[in-house]
Amino acid sequence: MVAITLQIIPFFPQIWWMQPSWIMILLIHWIIILPNQVNIGTGFILGLITDIVLGSTLGIHSLSLSILAYLATRNIYFFIYTSIWQQSFIITFLSFVNQSIIVLAKLLMTKVFSTPEIFWNCLLDGGSWPFLVLLMRKIYQN
């Protein structure tokens with residue numbers, strides 16, 4: 001619920017396109033912590049919830065988060081055994097894949113190309129990953 005709320009709220013209205021993909025980061029974090037319980041179906045359900053909450057075309061975020069969940073579960077052991085900074089680069093790549101799928105799906109459906117500024121989110125996602133992981137570890141320890 002917190003990630004969905006953070007996804008809806010624009011922190012800086014002037015740069016609305018510049019905010020982390022909280023739901024994507026949450027999904028990847030869940031896949032790392034609970035690899036046997038969180039899977040592609042969870043990504044699909046989170047994508048449907050995201051589509052409904054954001055009011056976008058139904059299925060765009062479901063498709064992107066399902067593919068993202070597949071990529072994350074497929075490479076979970078590689079991801080777990082890397083350092084947190086290397087994980088940050090992997091998150092940046094996965095975020096780029098996520099944004100590319102969303103842009104491509106919107107382009108195919110509406111024939112309108114999004115602005116390239118939305119790809120700045122990828123760097124923001126990768127940069128926020130170490131801080132969020134450390135925060136979540138602190139919460140789990142308490």
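Quick caveat, the model's predicted, so the values are computed rather than measured.
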Chemist: Okay, side chain of D125, backbone of T92: is any donor-acceptor separation there less than 3.5 Å?
Modeler: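 No; judged by distance alone, with no hydrogens or angles, the pair does not exist.
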Chemist: Would I33 and M136 show up in the same hydrophobic cluster when neighbours are defined by side-chain heavy atoms closer than 4.5 Å?
Modeler: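 Both belong to a single hydrophobic cluster.
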Chemist: Report, as yes or no, whether the 6.0 Å neighbourhood of atom OH on Y140 holds more than 12 heavy atoms from other residues, nucleotides or ligands.
Modeler: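 Enclosed.
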Chemist: Rounded to the nearest 0.5 Å, how far apart are CD1 of I60 and CE of M109?
Modeler: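 Reported to 0.5 Å precision, the distance equals 3.5 Å.
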Chemist: Are I91 and V38 linked, directly or through intermediate hydrophobic residues, by side-chain heavy-atom contacts shorter than 4.5 Å (ILVMFWY only)?
Modeler: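 Yes; I91 is reachable from V38 via cluster members.
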Chemist: Determine, using the 4.5 Å side-chain heavy-atom cutoff (strictly less than), whether L65 and I90 are members of one ILVMFWY cluster.
Modeler: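 Yes, it is one cluster - the side chains of L65 and I90 are joined through contacts under 4.5 Å.
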Chemist: How far apart are the closest heavy atoms of P20 and S128, and which atoms are they?
Modeler: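 Between these two residues, the closest heavy atoms are CB-OG, 4.3 Å.
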Chemist: Taking S64 for its side chain and I101 for its backbone only, find out whether a donor-acceptor pair lies under 3.5 Å.
Modeler: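 Side chain of S64 to backbone of I101: no pair is present.
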Chemist: Please check: side-chain N/O of N98 versus main-chain N/O of L94, any donor-acceptor pairing under 3.5 Å?
Modeler: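 A pair under 3.5 Å: no.
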Chemist: Between D51 (side chain) and H61 (backbone), is there a donor-acceptor pair under 3.5 Å?
Modeler: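 Answer holds: yes.
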Chemist: Can you name the ring pair (Phe, Tyr, Trp, His ring centres under 6.0 Å) partners of Y70, sequence neighbours left out?
Modeler: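 Not a single residue meets the ring pair (Phe, Tyr, Trp, His ring centres under 6.0 Å) criterion with Y70.
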Chemist: Take K138 and L134 through the test side chain to side chain contact (heavy atoms under 4.5 Å, CB included) and record every step on the way to the result.
Modeler: CA-CA 6 Å; K138 186 76 168 173; L134 294 175; over 6 Å; no
Chemist: Taking a hydrophobic cluster as the set of Ile, Leu, Val, Met, Phe, Trp and Tyr residues connected by side-chain heavy atoms closer than 4.5 Å, whether directly or through intermediates, do L104 and F93 fall within one such cluster?
Modeler: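 Each belongs to a different hydrophobic cluster.
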Chemist: Working to the nearest 0.5 Å, report the span between CG of L26 and OG of S21.
Modeler: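 Between L26 CG and S21 OG, I get 12.0 Å after rounding to 0.5 Å.
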Chemist: If you take all heavy atoms of A72 and I31, which pair is closest and at what distance?
Modeler: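 Closest approach of A72 to I31, heavy atoms only: CB-CD1, 3.8 Å.
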Chemist: So which heavy atom on T50 is nearest to which on L46, and how close?
Modeler: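 Minimum heavy-atom separation between T50 and L46: OG1-O, 2.7 Å.
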Chemist: Within this structure, what is the CG-CD1 distance for the pair L71 and I76, rounded to the nearest 0.5 Å?
Modeler: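 The CG atom of L71 sits 12.0 Å away from the CD1 atom of I76.
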Chemist: Start with the C-alpha gap between W30 and N39, add the side-chain angles, then the distance that decides, and say whether side chain to side chain contact (heavy atoms under 4.5 Å, CB included) holds.
Modeler: CA-CA 9 Å; W30 278 352; N39 53 18; over 6 Å; no
Chemist: To the nearest 0.5 Å, what is the distance between CD1 on I84 and CG on L132?
Modeler: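 I84 CD1 to L132 CG: 9.5 Å, rounded to 0.5 Å.
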Chemist: Out of curiosity, S66 OG to F44 CZ, how far, rounded to the nearest 0.5 Å?
Modeler: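 Reported value, rounded in 0.5 Å steps: 6.0 Å.
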Chemist: At what distance, to the nearest 0.5 angstrom, does OG of S88 lie from CG of L123?
Modeler: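 Going from the OG atom of S88 to the CG atom of L123 covers 9.5 Å.
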Chemist: Please find the pair of heavy atoms, one from S62 and one from G47, that lie closest to each other, and give the distance.
Modeler: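 Shortest heavy-atom contact: OG-C, 3.2 Å.
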Chemist: Between F79 and W129, what is the ring plane arrangement, given parallel below 30°, perpendicular above 60°, and tilted in between?
Modeler: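 Rings of F79 and W129: perpendicular, as their planes differ by over 60°.
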Chemist: Does the side chain of P35 reach to within under 4.5 Å of the side chain of T73, using non-hydrogen atoms?
Modeler: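 The answer is no, as the side chains (C-beta and beyond) never meet within the 4.5 Å cut-off.
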Chemist: Does L34 offer a backbone N or O that forms a donor-acceptor pair with the side chain of Q37 under 3.5 Å?
Modeler: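 Looks like no, no N/O pair under 3.5 Å.
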Chemist: Hydrophobic cluster membership, with links at side-chain heavy-atom distances under 4.5 Å among I/L/V/M/F/W/Y: are F89 and F78 in one?
Modeler: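 No; tracing contacts between hydrophobic side chains, which count when under 4.5 Å, never links both residues.
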